[in-house]
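Have a look at the structure below, then the notes.
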Amino acid sequence: MPELPEVETVRRGLAASVTGRTISAVTVAHPRAIRRHLAGATDFAARLAGRRIQRVCRRGKYLWLPVDGDDVLVAHLGMSGQLLVRFPEAADEGHLRVRFVFADAGTQLRFVDQRTFGSMAVEPAGADGLPPSIAHIAIDPLDPEFDDQAFYALLRRRRTGVKRALLDQTLVSGIGNIYADEALWRAQLHYAHPAETLTRQRAARLLGELRAVLTAALTSGGTSFDSVYVNVNGHSGYFDRSLEVYGRAGKPCRRCGTAILREAFTNRSSYRCPYCQPAGS
DNA sequence: CTATGAACCTGACAGC
DNA sequence: TGCTGTCAGGTTCATA
């Protein structure tokens, strides 16, 4: 599950259902799902068995679960990963990759991932409590520690288009293709606007719109066009109904009525209103 | 440093 | 009913 609102929805679900639980057994059904755990499946399972989950944390699109001892279980959902809380008798999902059984609960945690771009790993926590493997990931805009002024300065130092900058998880995290396009539409910015020439006012407007759209999506439980993006109970969010540009090629802009444009961008798609977000804007 | 493309996978869908 | 091509909320690496 991709972007910040969807991952945060999963984090909240996990926090409510697995915090304080002790893992009794871990089964890795597909080695690719733990490819970032270099020591392999046996070691992965052994390092979690008998450990109690203390919390469920998130930065950007990454989740991590500190367990007793000094280890953390790090997870990234990639494009199609799901973390599901299921009763043991529920049939295995077709793309079940890792199963966590608890000693003290009637449910299991299952990592299901069709495309296997997601992955999990266990590692020792860093000095700051963050998993070392995500030290390169910037803080996200909903984090209370986010420094707006520092963000403007870093943004204007980039010699690239503003959307590219937003998608760079080392500059600001949690934003993907949907919410980048939505925030740019709200801020009336063209995706190729050079980051270095953004005025402070426009950068502030953009950051404000980013926070607004991420927060609104979170309230709806995230964006979901199909059953791939679901919370821990397997239910979809409904923010797709509130999207202004993403996926709306040819449909009228909700602000001016002009047909929304879809253009190739970095091996994927970018959506914009040609009137509200013309080249150069 | 930035930019591009490809790679990693599976499945859904459109068009022929 | 196939088949082929295209596309998908991400990250990372190699090559210019």
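No hydrogens, no waters, no symmetry mates; every other heavy atom, side chains included, goes into these values. Below, chains carry the letters A, B, ... as their sequence lines are ordered, and counting in each starts from 1.
For the pair A:R32 CZ and C:dT11 P, the computed distance is 14 Å after rounding to whole Å. Between A:R97 atom CZ and B:dT10 atom P the separation is 7 Å, expressed in whole Å. Atom NZ in A:K61 sits about 10 Å away from atom P in C:dT12, given to the nearest Å. Distance A:L38 CG to C:dT12 P: 13 Å, rounded to the nearest Å. Here B:dA7 presents its P atom at 15 Å from CZ of A:R115, a figure rounded to the nearest Å. Counting to the nearest Å, the C1' atom of C:dA8 and the CG atom of A:L243 are 14 Å from each other. Rounded to an integer number of Å, the gap from CZ of A:F225 to P of C:dC7 is 16 Å. Across the protein-nucleic acid pair, A:L96 atom CG and B:dT10 atom C1' stand 16 Å apart, rounded to whole Å.
Residue contacts shown for A:Y62 are limited to sugar-phosphate atoms, with no base heavy atom under 4.0 Å away. Residue contacts for A:S269: at a heavy-atom cut-off of 4.0 Å it reaches the sugar-phosphate backbone alone, with no base atom in range. In this structure, A:Y179 reaches neither bases nor backbone, as no heavy-atom distance under 4.0 Å exists between it and the strands shown. Base contact: A:T223 has a heavy atom under 4.0 Å from a base atom. Among the heavy atoms of the strands lying under 4.0 Å from A:R268 is at least one base atom, whether or not backbone atoms are also near. Nucleic acid contact for A:N267: base, since at least one base atom lies under 4.0 Å from a heavy atom of the residue.
Contact annotation: A:R262 side-chain N/O to C:dC7 OP1/OP2 distance is under 4.0 Å. Checking the phosphate oxygens (OP1, OP2) of C:dT11, no side-chain nitrogen or oxygen of A:H136 falls inside 4.0 Å. An OP1 or OP2 oxygen of B:dA3 is reached within less than 4.0 angstrom by no side-chain nitrogen or oxygen of A:R159. Here A:H95 does not reach the OP1 or OP2 of B:dC9: none of its side-chain N or O atoms lies under 4.0 Å away.
Considering only side-chain atoms of A:T160, the nucleotide from B:dC9, C:dT12, B:dA3 that sits closest is B:dA3. Which of B:dT4, C:dA8, B:dC9 sits closest to the side chain of A:Y271 comes down to C:dA8. Distance from the side chain of A:M79 is smallest to C:dA8 among B:dT4, C:dA8, B:dT2. Among the nucleotides C:dA8, C:dG10, C:dT11, the one closest to any side-chain atom of A:Q169 is C:dT11.
Both the sub-6.0 Å distance and the 45° axial angle are not jointly satisfied by A:R254 relative to the ring of A:W185.
The side-chain ring of A:F117 is stacked on the base of B:dC8, judged by centre separation under 5.5 angstrom and plane angle under 30 degrees.
Ring planes of A:F151 and A:F146: tilted class, angle from 30 to 60°. The aromatic rings of A:Y179 and A:F239 are tilted relative to each other, their planes meeting at an angle between 30° and 60°.
Without hydrogens or angle criteria, A:R202 side chain to A:Q188 main chain gives a donor-acceptor distance under 3.5 Å. Using a distance-only test at 3.5 Å, with no hydrogens or angles considered, a donor-acceptor pair links the side chain of A:R59 to the main chain of A:I137.
Between the P atoms of C:dG10 and B:dC1, the separation comes to 24 Å (whole Å). Across B:dC9 and C:dC3, the matching P atoms stand 24 Å from one another, rounded to whole Å.
A:R186 and A:E244 are not joined by a salt bridge, as no carboxylate oxygen comes within less than 4.0 angstrom of a charged side-chain nitrogen.
In a base pair of the Watson-Crick type (N1 to N3 plus N6-O4 or O6-N4) or a G-U wobble (N1-O2 and O6-N3), with each distance short of 3.5 Å, B:dC13 is matched with C:dG5.
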